[in-house]
Number of protein chains: 2
Amino acid sequence: MRGNLFAVAVDLVVFTVRDGVLCVLLREREAPPFAGERALPGGFVRGREDLLDAAGRELAEIGLAINGHHLEQLGSYAHPDRDPRGRILTVGHLALVPDLPEPPGEGLWLPVAHADTLAFDHAQILADGVERARAKLEYTTLAAAFCPPEFTISQLRRIYEAVWGTLPDPRNFSRKVTSTPGFLVPTGTKVSSGRGRPGQLFHRGPATMLHPPMLRDHAASDPTP
Amino acid sequence: MRGNLFAVAVDLVVFTVRDGVLCVLLREREAPPFAGERALPGGFVRGREDLLDAAGRELAEIGLAINGHHLEQLGSYAHPDRDPRGRILTVGHLALVPDLPEPPGEGLWLPVAHADTLAFDHAQILADGVERARAKLEYTTLAAAFCPPEFTISQLRRIYEAVWGTLPDPRNFSRKVTSTPGFLVPTGTKVSSGRGRPGQLFHRGPATMLHPPMLRDHAASDPTP
DNA sequence: CCAATAGTGTCTTTGAGACATTATTAA
DNA sequence: TTAATAATGTCTCAAAGACACTATTGG
(Lines give C-alpha, C1' and ligand atoms only; values in the text may rest on other atoms or scores of the structure.)
Protein backbone atom coordinates (compact mmCIF):
# COMPACT_ATOMS: atom_id res chain seq x y z
CA MET A 1 0.00 0.00 0.00
CA ARG A 2 1.55 3.27 -1.11
CA GLY A 3 1.50 6.44 0.93
CA ASN A 4 2.15 7.40 4.51
CA LEU A 5 0.24 6.33 7.51
CA PHE A 6 -1.65 8.94 9.46
CA ALA A 7 -3.07 9.16 12.90
CA VAL A 8 -6.67 10.28 12.54
CA ALA A 9 -8.33 12.54 15.06
CA VAL A 10 -11.69 14.21 15.35
CA ASP A 11 -11.95 17.74 16.62
CA LEU A 12 -15.11 19.41 17.75
CA VAL A 13 -16.33 22.92 17.13
CA VAL A 14 -19.04 23.04 19.78
CA PHE A 15 -21.09 26.20 19.66
CA THR A 16 -23.62 27.61 22.05
CA VAL A 17 -25.16 31.03 22.53
CA ARG A 18 -24.67 32.49 26.00
CA ASP A 19 -26.08 35.90 26.86
CA GLY A 20 -26.55 36.66 23.22
CA VAL A 21 -22.98 35.81 22.28
CA LEU A 22 -21.80 32.93 20.11
CA CYS A 23 -19.36 30.90 22.18
CA VAL A 24 -17.12 27.98 21.38
CA LEU A 25 -16.05 25.26 23.77
CA LEU A 26 -12.29 25.20 24.31
CA ARG A 27 -9.84 23.34 26.49
CA GLU A 28 -6.52 24.38 27.85
CA ARG A 29 -3.87 21.93 26.76
CA GLU A 30 -1.88 20.44 29.60
CA ALA A 31 0.70 18.49 27.65
CA PRO A 32 2.87 19.54 24.74
CA PRO A 33 2.60 20.41 21.98
CA PHE A 34 1.00 23.80 22.60
CA ALA A 35 0.85 23.21 26.36
CA GLY A 36 -1.06 26.00 28.07
CA GLU A 37 -2.72 27.12 24.85
CA ARG A 38 -6.35 26.77 24.01
CA ALA A 39 -7.55 24.13 21.61
CA LEU A 40 -10.71 22.55 20.35
CA PRO A 41 -11.73 19.41 22.19
CA GLY A 42 -11.07 16.22 20.31
CA GLY A 43 -9.16 13.00 20.23
CA PHE A 44 -8.04 10.10 18.13
CA VAL A 45 -10.39 7.75 16.38
CA ARG A 46 -10.33 4.40 18.11
CA GLY A 47 -10.88 0.79 17.26
CA ARG A 48 -13.61 0.30 14.71
CA GLU A 49 -15.16 3.72 15.15
CA ASP A 50 -16.52 5.63 12.22
CA LEU A 51 -15.86 9.38 12.19
CA LEU A 52 -19.24 10.50 13.49
CA ASP A 53 -19.09 7.81 16.15
CA ALA A 54 -15.77 9.10 17.35
CA ALA A 55 -17.04 12.66 17.38
CA GLY A 56 -20.12 11.56 19.31
CA ARG A 57 -17.97 9.76 21.82
CA GLU A 58 -15.82 12.84 22.33
CA LEU A 59 -18.97 14.85 22.84
CA ALA A 60 -20.14 12.30 25.40
CA GLU A 61 -16.81 12.37 27.20
CA ILE A 62 -17.20 16.12 27.54
CA GLY A 63 -20.57 15.47 29.13
CA LEU A 64 -22.77 16.66 26.31
CA ALA A 65 -24.37 13.53 24.92
CA ILE A 66 -27.35 13.18 27.20
CA ASN A 67 -29.72 14.22 24.45
CA GLY A 68 -29.31 14.27 20.73
CA HIS A 69 -27.42 17.40 19.85
CA HIS A 70 -26.75 18.42 16.30
CA LEU A 71 -23.47 16.97 15.04
CA GLU A 72 -22.13 17.03 11.51
CA GLN A 73 -18.85 16.67 9.71
CA LEU A 74 -17.17 19.92 8.80
CA GLY A 75 -14.08 18.98 6.84
CA SER A 76 -10.65 17.45 7.09
CA TYR A 77 -7.31 19.10 7.74
CA ALA A 78 -4.05 17.38 7.01
CA HIS A 79 -1.33 19.91 6.33
CA PRO A 80 1.95 18.09 7.00
CA ASP A 81 3.06 20.71 9.51
CA ARG A 82 -0.19 21.07 11.37
CA ASP A 83 1.00 18.91 14.27
CA PRO A 84 4.66 18.73 15.31
CA ARG A 85 4.20 15.16 16.52
CA GLY A 86 3.87 13.88 13.01
CA ARG A 87 1.37 13.17 10.34
CA ILE A 88 -2.04 13.66 11.91
CA LEU A 89 -5.20 14.19 9.94
CA THR A 90 -8.09 15.67 11.83
CA VAL A 91 -11.71 15.66 10.82
CA GLY A 92 -13.42 18.75 12.16
CA HIS A 93 -16.99 18.41 13.35
CA LEU A 94 -19.62 20.97 14.16
CA ALA A 95 -21.87 20.56 17.18
CA LEU A 96 -24.61 22.94 18.28
CA VAL A 97 -25.89 22.81 21.82
CA PRO A 98 -28.27 24.89 23.92
CA ASP A 99 -26.97 27.21 26.56
CA LEU A 100 -25.99 25.09 29.55
CA PRO A 101 -25.83 26.16 33.18
CA GLU A 102 -22.16 25.23 33.48
CA PRO A 103 -19.33 24.63 31.03
CA PRO A 104 -19.17 20.89 30.52
CA GLY A 105 -16.17 18.86 31.57
CA GLU A 106 -13.00 20.85 31.93
CA GLY A 107 -13.81 23.14 29.06
CA LEU A 108 -14.54 26.81 28.95
CA TRP A 109 -16.98 28.76 26.83
CA LEU A 110 -15.18 31.51 25.01
CA PRO A 111 -16.87 34.07 22.78
CA VAL A 112 -15.89 33.27 19.23
CA ALA A 113 -14.76 36.86 18.76
CA HIS A 114 -12.07 36.30 21.41
CA ALA A 115 -10.91 32.91 20.19
CA ASP A 116 -8.35 34.16 17.74
CA THR A 117 -5.23 32.37 18.90
CA LEU A 118 -5.62 28.62 19.18
CA ALA A 119 -3.31 25.63 19.08
CA PHE A 120 -2.58 23.76 15.86
CA ASP A 121 -4.73 24.93 12.95
CA HIS A 122 -7.76 25.15 15.18
CA ALA A 123 -8.34 28.81 14.38
CA GLN A 124 -8.93 27.77 10.80
CA ILE A 125 -11.24 24.93 11.79
CA LEU A 126 -13.15 27.30 14.03
CA ALA A 127 -13.47 29.86 11.23
CA ASP A 128 -14.84 27.18 8.94
CA GLY A 129 -17.28 26.15 11.66
CA VAL A 130 -18.48 29.71 12.09
CA GLU A 131 -19.04 30.08 8.38
CA ARG A 132 -20.88 26.77 8.22
CA ALA A 133 -23.15 27.71 11.10
CA ARG A 134 -23.91 31.09 9.58
CA ALA A 135 -24.73 29.58 6.22
CA LYS A 136 -26.90 26.84 7.68
CA LEU A 137 -29.04 29.29 9.58
CA GLU A 138 -30.06 30.67 6.21
CA TYR A 139 -31.36 27.45 4.75
CA THR A 140 -32.28 25.28 7.69
CA THR A 141 -34.16 25.37 10.97
CA LEU A 142 -30.93 24.65 12.79
CA ALA A 143 -31.09 27.76 14.94
CA ALA A 144 -33.44 25.78 17.17
CA ALA A 145 -30.52 23.45 17.96
CA PHE A 146 -29.15 26.29 20.08
CA CYS A 147 -32.37 26.51 22.05
CA PRO A 148 -33.68 24.47 24.95
CA PRO A 149 -36.56 22.09 24.18
CA GLU A 150 -39.04 24.92 24.65
CA PHE A 151 -38.28 28.44 23.57
CA THR A 152 -39.84 31.68 22.46
CA ILE A 153 -39.57 33.42 19.14
CA SER A 154 -37.48 36.10 20.82
CA GLN A 155 -34.97 33.54 21.99
CA LEU A 156 -34.74 32.12 18.51
CA ARG A 157 -34.28 35.58 17.09
CA ARG A 158 -31.41 36.27 19.44
CA ILE A 159 -29.72 33.11 18.16
CA TYR A 160 -29.70 34.65 14.73
CA GLU A 161 -28.36 37.86 16.15
CA ALA A 162 -25.53 36.08 17.92
CA VAL A 163 -24.53 33.97 14.93
CA TRP A 164 -24.99 36.54 12.19
CA GLY A 165 -24.18 39.71 14.02
CA THR A 166 -27.43 41.30 12.90
CA LEU A 167 -30.74 41.35 14.72
CA PRO A 168 -33.61 40.57 12.35
CA ASP A 169 -36.69 42.76 12.47
CA PRO A 170 -39.06 41.16 14.98
CA ARG A 171 -42.15 41.35 12.78
CA ASN A 172 -40.49 40.04 9.64
CA PHE A 173 -38.72 37.36 11.62
CA SER A 174 -41.89 36.25 13.31
CA ARG A 175 -43.71 36.16 10.00
CA LYS A 176 -41.00 34.01 8.47
CA VAL A 177 -40.58 31.43 11.19
CA THR A 178 -44.27 31.04 11.93
CA SER A 179 -45.17 30.70 8.26
CA THR A 180 -42.72 27.87 7.71
CA PRO A 181 -44.83 24.74 8.24
CA GLY A 182 -43.38 22.36 10.79
CA PHE A 183 -40.76 24.72 12.15
CA LEU A 184 -42.42 25.87 15.36
CA VAL A 185 -45.05 23.94 17.28
CA PRO A 186 -46.83 26.03 19.91
CA THR A 187 -47.01 24.46 23.32
CA GLY A 188 -49.86 26.68 24.45
CA THR A 189 -47.94 27.86 27.46
CA LYS A 190 -46.16 31.10 28.10
CA VAL A 191 -43.09 32.01 30.03
CA SER A 192 -41.94 35.19 31.61
CA SER A 193 -38.35 36.18 30.95
CA GLY A 194 -37.89 38.11 34.15
CA ARG A 195 -39.96 41.20 33.57
CA GLY A 196 -42.08 42.21 30.66
CA ARG A 197 -44.86 40.46 28.84
CA PRO A 198 -44.44 36.67 28.80
CA GLY A 199 -43.69 35.05 25.50
CA GLN A 200 -45.41 32.13 23.87
CA LEU A 201 -43.46 28.88 24.07
CA PHE A 202 -42.76 26.61 21.11
CA HIS A 203 -40.81 23.50 20.49
CA ARG A 204 -39.10 22.33 17.32
CA GLY A 205 -41.27 20.80 14.66
CA PRO A 206 -40.14 18.25 12.11
CA ALA A 207 -39.15 20.78 9.47
CA THR A 208 -35.44 20.96 8.76
CA MET A 209 -35.32 23.27 5.76
CA LEU A 210 -36.36 26.86 5.18
CA HIS A 211 -37.99 27.42 1.78
CA PRO A 212 -37.21 29.97 0.60
CA PRO A 213 -34.18 30.67 2.76
CA MET A 214 -33.87 33.58 5.15
CA LEU A 215 -30.91 35.39 3.65
CA ARG A 216 -28.54 37.30 5.84
CA ASP A 217 -27.15 40.59 4.73
CA HIS A 218 -24.04 39.56 2.91
CA ALA A 219 -22.45 42.82 4.04
CA ALA A 220 -23.56 42.45 7.65
CA SER A 221 -21.32 43.45 10.50
CA ASP A 222 -19.14 40.54 11.41
CA PRO A 223 -19.06 39.71 15.14
CA THR A 224 -15.61 38.12 14.76
CA PRO A 225 -13.08 40.95 14.60
CA MET B 1 -0.15 8.43 20.45
CA ARG B 2 -3.45 6.65 20.95
CA GLY B 3 -5.62 5.36 18.16
CA ASN B 4 -5.09 3.36 15.01
CA LEU B 5 -3.07 4.38 12.06
CA PHE B 6 -4.84 4.94 8.78
CA ALA B 7 -3.82 5.04 5.20
CA VAL B 8 -5.25 8.24 3.76
CA ALA B 9 -6.50 8.45 0.21
CA VAL B 10 -8.16 11.10 -1.89
CA ASP B 11 -10.93 10.17 -4.26
CA LEU B 12 -12.26 12.37 -7.01
CA VAL B 13 -15.80 12.95 -8.09
CA VAL B 14 -15.10 14.53 -11.47
CA PHE B 15 -18.21 15.80 -13.20
CA THR B 16 -18.76 17.02 -16.69
CA VAL B 17 -21.82 17.56 -18.84
CA ARG B 18 -21.78 15.65 -22.11
CA ASP B 19 -24.69 15.95 -24.54
CA GLY B 20 -26.84 17.43 -21.84
CA VAL B 21 -26.16 14.63 -19.36
CA LEU B 22 -24.26 14.88 -16.08
CA CYS B 23 -21.42 12.37 -16.25
CA VAL B 24 -18.88 11.20 -13.74
CA LEU B 25 -15.39 10.00 -14.48
CA LEU B 26 -14.84 6.37 -13.48
CA ARG B 27 -12.11 3.79 -13.80
CA GLU B 28 -12.30 0.06 -14.03
CA ARG B 29 -10.29 -1.50 -11.27
CA GLU B 30 -7.68 -3.94 -12.43
CA ALA B 31 -6.44 -5.26 -9.11
CA PRO B 32 -8.38 -6.53 -6.12
CA PRO B 33 -10.25 -5.55 -4.15
CA PHE B 34 -13.25 -4.98 -6.40
CA ALA B 35 -11.26 -5.97 -9.51
CA GLY B 36 -13.33 -5.36 -12.63
CA GLU B 37 -15.72 -3.01 -10.89
CA ARG B 38 -15.99 0.68 -11.45
CA ALA B 39 -14.56 3.13 -8.97
CA LEU B 40 -13.84 6.81 -8.57
CA PRO B 41 -10.30 7.78 -9.52
CA GLY B 42 -8.05 8.46 -6.59
CA GLY B 43 -4.97 7.42 -4.73
CA PHE B 44 -3.04 7.69 -1.54
CA VAL B 45 -1.73 10.92 -0.13
CA ARG B 46 2.03 11.00 -0.51
CA GLY B 47 4.98 12.56 1.21
CA ARG B 48 4.25 16.02 2.52
CA GLU B 49 1.16 16.59 0.42
CA ASP B 50 -1.84 18.39 1.78
CA LEU B 51 -5.23 17.01 0.81
CA LEU B 52 -6.00 19.45 -1.98
CA ASP B 53 -2.48 19.00 -3.31
CA ALA B 54 -2.97 15.26 -3.51
CA ALA B 55 -6.34 15.68 -5.21
CA GLY B 56 -4.82 18.11 -7.68
CA ARG B 57 -2.02 15.68 -8.43
CA GLU B 58 -4.50 12.89 -9.06
CA LEU B 59 -6.38 15.19 -11.37
CA ALA B 60 -3.13 15.95 -13.18
CA GLU B 61 -2.27 12.27 -13.47
CA ILE B 62 -5.62 11.75 -15.14
CA GLY B 63 -4.64 14.44 -17.60
CA LEU B 64 -6.99 17.16 -16.41
CA ALA B 65 -4.77 19.73 -14.79
CA ILE B 66 -3.75 21.78 -17.78
CA ASN B 67 -5.94 24.67 -16.71
CA GLY B 68 -7.41 25.50 -13.33
CA HIS B 69 -10.49 23.40 -12.89
CA HIS B 70 -12.74 23.74 -9.92
CA LEU B 71 -11.67 21.45 -7.08
CA GLU B 72 -12.98 21.38 -3.55
CA GLN B 73 -13.10 19.03 -0.61
CA LEU B 74 -16.31 17.12 -0.23
CA GLY B 75 -15.98 15.11 2.95
CA SER B 76 -14.23 12.20 4.56
CA TYR B 77 -15.26 8.57 4.75
CA ALA B 78 -13.72 6.17 7.20
CA HIS B 79 -16.11 3.35 8.00
CA PRO B 80 -13.95 0.49 9.29
CA ASP B 81 -15.33 -1.92 6.68
CA ARG B 82 -15.16 0.38 3.70
CA ASP B 83 -11.97 -1.21 2.38
CA PRO B 84 -11.13 -4.89 2.96
CA ARG B 85 -7.42 -4.11 2.91
CA GLY B 86 -7.62 -2.36 6.23
CA ARG B 87 -8.18 0.98 7.79
CA ILE B 88 -8.27 3.48 4.97
CA LEU B 89 -9.75 6.94 5.28
CA THR B 90 -10.59 8.65 2.04
CA VAL B 91 -11.22 12.31 1.52
CA GLY B 92 -13.68 12.79 -1.30
CA HIS B 93 -13.17 15.76 -3.58
CA LEU B 94 -15.40 17.37 -6.15
CA ALA B 95 -14.02 18.53 -9.50
CA LEU B 96 -15.96 20.18 -12.29
CA VAL B 97 -14.56 20.21 -15.80
CA PRO B 98 -15.87 21.25 -19.20
CA ASP B 99 -16.88 18.70 -21.75
CA LEU B 100 -13.72 17.27 -23.25
CA PRO B 101 -13.28 15.70 -26.67
CA GLU B 102 -12.04 12.41 -25.21
CA PRO B 103 -12.23 10.74 -21.82
CA PRO B 104 -8.98 11.57 -20.09
CA GLY B 105 -6.50 8.88 -19.16
CA GLU B 106 -7.95 5.42 -18.89
CA GLY B 107 -11.23 6.64 -17.48
CA LEU B 108 -14.71 6.57 -18.88
CA TRP B 109 -17.48 9.11 -18.62
CA LEU B 110 -20.60 7.47 -17.29
CA PRO B 111 -23.93 9.23 -16.85
CA VAL B 112 -24.49 9.66 -13.15
CA ALA B 113 -27.88 8.02 -13.49
CA HIS B 114 -26.16 4.79 -14.56
CA ALA B 115 -23.43 4.84 -11.94
CA ASP B 116 -25.33 3.04 -9.25
CA THR B 117 -23.00 0.17 -8.43
CA LEU B 118 -19.49 1.21 -7.61
CA ALA B 119 -16.60 -0.25 -5.67
CA PHE B 120 -16.08 0.53 -1.99
CA ASP B 121 -18.43 3.23 -0.69
CA HIS B 122 -17.99 5.24 -3.85
CA ALA B 123 -21.72 5.28 -4.60
CA GLN B 124 -22.17 7.23 -1.38
CA ILE B 125 -19.35 9.61 -2.19
CA LEU B 126 -20.81 10.12 -5.64
CA ALA B 127 -24.24 10.81 -4.21
CA ASP B 128 -22.77 13.39 -1.87
CA GLY B 129 -20.96 14.94 -4.80
CA VAL B 130 -24.15 15.16 -6.82
CA GLU B 131 -25.96 16.83 -3.98
CA ARG B 132 -23.10 19.27 -3.44
CA ALA B 133 -23.03 20.20 -7.11
CA ARG B 134 -26.79 20.69 -7.22
CA ALA B 135 -26.75 22.87 -4.15
CA LYS B 136 -23.81 24.96 -5.33
CA LEU B 137 -25.49 25.79 -8.62
CA GLU B 138 -28.14 27.55 -6.56
CA TYR B 139 -25.83 29.91 -4.74
CA THR B 140 -22.77 30.24 -6.92
CA THR B 141 -21.72 30.85 -10.49
CA LEU B 142 -20.13 27.42 -10.57
CA ALA B 143 -22.17 26.20 -13.52
CA ALA B 144 -19.67 28.04 -15.68
CA ALA B 145 -17.00 25.61 -14.47
CA PHE B 146 -18.70 23.03 -16.69
CA CYS B 147 -18.38 25.29 -19.71
CA PRO B 148 -15.45 25.95 -22.02
CA PRO B 149 -13.76 29.36 -21.69
CA GLU B 150 -16.37 30.89 -23.99
CA PHE B 151 -19.97 29.81 -23.93
CA THR B 152 -23.48 30.92 -24.67
CA ILE B 153 -26.35 31.42 -22.28
CA SER B 154 -28.03 28.38 -23.80
CA GLN B 155 -25.04 26.21 -22.99
CA LEU B 156 -25.06 27.46 -19.43
CA ARG B 157 -28.76 26.78 -19.18
CA ARG B 158 -28.27 23.21 -20.32
CA ILE B 159 -25.76 22.76 -17.53
CA TYR B 160 -28.49 23.56 -15.06
CA GLU B 161 -30.80 21.17 -16.83
CA ALA B 162 -28.27 18.35 -16.67
CA VAL B 163 -27.41 18.87 -13.02
CA TRP B 164 -30.87 19.67 -11.68
CA GLY B 165 -33.03 17.65 -13.99
CA THR B 166 -35.15 20.67 -14.81
CA LEU B 167 -34.75 23.11 -17.67
CA PRO B 168 -35.13 26.69 -16.49
CA ASP B 169 -37.32 29.02 -18.50
CA PRO B 170 -35.04 30.70 -21.06
CA ARG B 171 -36.29 34.22 -20.42
CA ASN B 172 -36.19 34.03 -16.66
CA PHE B 173 -32.82 32.31 -16.78
CA SER B 174 -31.38 34.89 -19.10
CA ARG B 175 -32.70 37.68 -16.94
CA LYS B 176 -31.13 36.15 -13.86
CA VAL B 177 -27.66 35.41 -15.17
CA THR B 178 -27.28 38.64 -17.10
CA SER B 179 -28.45 40.76 -14.19
CA THR B 180 -25.87 39.28 -11.83
CA PRO B 181 -22.95 41.71 -12.06
CA GLY B 182 -19.68 40.04 -12.91
CA PHE B 183 -21.13 36.67 -13.86
CA LEU B 184 -21.07 36.90 -17.64
CA VAL B 185 -18.73 39.08 -19.67
CA PRO B 186 -19.75 39.40 -23.31
CA THR B 187 -17.00 38.75 -25.80
CA GLY B 188 -18.81 40.53 -28.60
CA THR B 189 -18.58 37.49 -30.83
CA LYS B 190 -21.18 34.97 -31.77
CA VAL B 191 -21.06 31.31 -32.53
CA SER B 192 -23.29 29.06 -34.51
CA SER B 193 -24.18 25.77 -32.88
CA GLY B 194 -24.68 23.85 -36.09
CA ARG B 195 -27.89 25.26 -37.39
CA GLY B 196 -30.12 27.98 -36.05
CA ARG B 197 -29.39 31.50 -35.01
CA PRO B 198 -25.91 31.95 -33.56
CA GLY B 199 -25.65 32.73 -29.88
CA GLN B 200 -23.72 35.46 -28.18
CA LEU B 201 -20.52 34.31 -26.52
CA PHE B 202 -19.55 35.12 -22.95
CA HIS B 203 -16.79 34.22 -20.63
CA ARG B 204 -16.82 33.94 -16.85
CA GLY B 205 -16.61 37.13 -14.92
CA PRO B 206 -15.14 37.49 -11.43
CA ALA B 207 -18.43 36.91 -9.61
CA THR B 208 -18.60 33.71 -7.60
CA MET B 209 -21.89 34.11 -5.76
CA LEU B 210 -25.48 34.50 -6.86
CA HIS B 211 -27.43 37.02 -4.76
CA PRO B 212 -30.17 36.14 -4.29
CA PRO B 213 -29.77 32.49 -5.19
CA MET B 214 -31.48 30.79 -8.09
CA LEU B 215 -33.52 28.20 -6.24
CA ARG B 216 -34.26 24.89 -7.84
CA ASP B 217 -37.63 23.29 -7.42
CA HIS B 218 -37.15 21.27 -4.30
CA ALA B 219 -39.63 18.74 -5.72
CA ALA B 220 -37.97 18.61 -9.13
CA SER B 221 -37.65 15.40 -11.05
CA ASP B 222 -34.48 13.67 -10.06
CA PRO B 223 -32.27 12.54 -12.98
CA THR B 224 -30.67 9.85 -10.81
CA PRO B 225 -33.15 6.94 -10.65
C1' DC C 1 -39.03 27.80 -47.52
C1' DC C 2 -38.28 25.10 -43.59
C1' DA C 3 -36.10 23.67 -39.41
C1' DA C 4 -33.54 24.87 -35.64
C1' DT C 5 -31.90 27.79 -32.23
C1' DA C 6 -31.32 32.62 -29.93
C1' DG C 7 -33.30 36.35 -27.99
C1' DT C 8 -36.56 39.25 -25.80
C1' DG C 9 -41.01 42.01 -22.64
C1' DT C 10 -44.95 42.09 -19.58
C1' DC C 11 -48.05 40.76 -16.16
C1' DT C 12 -48.84 38.46 -11.99
C1' DT C 13 -47.60 36.72 -7.64
C1' DT C 14 -44.77 35.83 -3.81
C1' DG C 15 -42.04 37.19 -0.33
C1' DA C 16 -38.68 40.51 1.82
C1' DG C 17 -37.88 45.20 3.83
C1' DA C 18 -39.33 48.94 6.37
C1' DC C 19 -41.96 50.81 9.92
C1' DA C 20 -44.86 52.10 15.29
C1' DT C 21 -48.12 50.82 18.35
C1' DT C 22 -50.56 48.06 21.70
C1' DA C 23 -50.54 44.16 25.24
C1' DT C 24 -48.90 42.09 29.32
C1' DT C 25 -46.22 41.47 33.11
C1' DA C 26 -42.92 42.57 37.37
C1' DA C 27 -41.12 45.94 40.14
C1' DT D 1 -46.91 54.16 37.16
C1' DT D 2 -43.01 52.77 35.02
C1' DA D 3 -39.94 49.79 32.69
C1' DA D 4 -39.35 45.89 30.17
C1' DT D 5 -40.56 42.62 26.83
C1' DA D 6 -43.98 40.33 23.44
C1' DA D 7 -46.92 40.70 19.71
C1' DT D 8 -48.89 42.31 15.59
C1' DG D 9 -50.50 44.68 10.32
C1' DT D 10 -49.68 47.32 6.14
C1' DC D 11 -47.37 49.32 2.46
C1' DT D 12 -43.71 49.17 -0.71
C1' DC D 13 -40.43 47.00 -3.51
C1' DA D 14 -37.64 43.30 -5.50
C1' DA D 15 -37.54 39.21 -7.80
C1' DA D 16 -39.49 34.84 -9.43
C1' DG D 17 -42.96 32.45 -12.29
C1' DA D 18 -45.60 32.14 -16.24
C1' DC D 19 -46.15 32.98 -20.85
C1' DA D 20 -45.40 33.53 -27.07
C1' DC D 21 -43.47 35.68 -30.50
C1' DT D 22 -39.66 37.55 -33.53
C1' DA D 23 -34.77 37.17 -35.30
C1' DT D 24 -31.16 34.78 -37.48
C1' DT D 25 -28.91 31.26 -39.44
C1' DG D 26 -28.01 26.55 -42.21
C1' DG D 27 -29.88 23.27 -45.06
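Numbered from 1 within each chain, the chains take letters A, B, ... in sequence-line order. As a basis for the values below, the full set of heavy atoms in this structure was taken, side chains included, without hydrogen atoms, waters or symmetry mates.
The side chain of Lys190(A) contributes no N or O atom lying less than 4.0 Å from OP1 or OP2 of dA6(D). At the phosphate of dG7(C), neither OP1 nor OP2 sits under 4.0 Å from any side-chain N or O atom of Ser174(B). Within the 4.0 Å cut-off from OP1 or OP2 of dA15(D), not a single side-chain nitrogen or oxygen of Lys176(B) is found. Between dT8(C) and Arg197(B), no contact under 4.0 Å exists linking OP1 or OP2 to a side-chain N or O.
In this structure, Gln155(B) places its CD atom 19 Å from P of dA4(C), rounding to the nearest Å. For the pair Tyr160(A) OH and dA16(C) C1', the computed distance is 15 Å after rounding to whole Å. In this structure, Glu138(A) atom CD and dA16(C) atom P are separated by 12 Å, rounded to whole Å. One interatomic measurement links the two molecules: CZ of Phe173(A) to P of dG17(C), which rounds to 13 Å at whole-angstrom precision. Here the C1' atom of nucleotide dG17(D) and the CE atom of Met214(B) are 14 Å apart, to the nearest Å. A straight line from CZ of Arg157(A) to P of dA7(D) spans 11 Å, rounded to a whole angstrom. When rounded to the nearest whole Å, the span between CG of Leu215(B) and P of dG15(C) equals 11 Å. One interatomic measurement links the two molecules: CZ of Phe151(A) to P of dT5(D), which rounds to 20 Å at whole-angstrom precision.
With dA7(D), dT24(D), dG7(C) as the choices, the nucleotide that has an atom nearest any side-chain atom of Gln200(B) turns out to be dG7(C). Comparing dT24(C), dA16(D), dC19(C) by their nearest atom to the side chain of Pro212(B) picks out dA16(D). The side chain of Arg171(A) has dT8(D) as its nearest neighbour among dG9(C), dG7(C), dT8(D). Checking dT24(C), dG9(C), dG17(C) against the side-chain heavy atoms of Asn172(A) singles out dG17(C) as nearest. The side chain of Arg195(A) lies closest to dA26(C) when the candidates are dA26(C), dT24(C), dA6(C). Residue Asp169(A) has its side chain nearest to dC19(C) when only dT25(D), dC19(C), dG9(C) are considered. With distances taken from any side-chain atom of Arg158(B) to the nucleotides dA6(C), dA18(C), dT25(D), the minimum falls on dA6(C). The side chain of Thr152(A) sits closest to dA6(D) out of dT24(C), dA6(D), dA6(C). Of the candidate nucleotides dA18(C), dG17(D), dG26(D), dG17(D) has the atom lying nearest to any side-chain atom of Arg175(B).
Salt bridge present: Glu61(B) and Arg57(B) bring a charged side-chain N and a carboxylate O closer than 4.0 Å. The pair Glu106(B)-Arg27(B) does not count as a salt bridge, with every side-chain nitrogen at least 4.0 angstrom from each carboxylate oxygen. Using a 4.0 Å cut-off between charged nitrogen and carboxylate oxygen, Arg216(A) and Glu131(A) count as a salt-bridge pair.
Nearest-nucleotide positions on DNA chain D place Phe202(A) closer to the 5' end than the other of Phe202(A) and Pro213(B). Toward the 5′ end of DNA chain C lies the nearest nucleotide of Gly196(B), the other residue of the pair Ser192(A) and Gly196(B) mapping further downstream.
Classified by interplanar angle (parallel below 30°, tilted 30° to 60°, perpendicular above 60°), the ring pair Tyr139(A)/Tyr139(B) is tilted. Using a 30° and 60° split on the angle between ring planes, Tyr160(A) and Trp164(A) fall in the perpendicular class, above 60°.
Asp11(B) and His93(B) share no side-chain donor-acceptor pair at under 3.5 Å.
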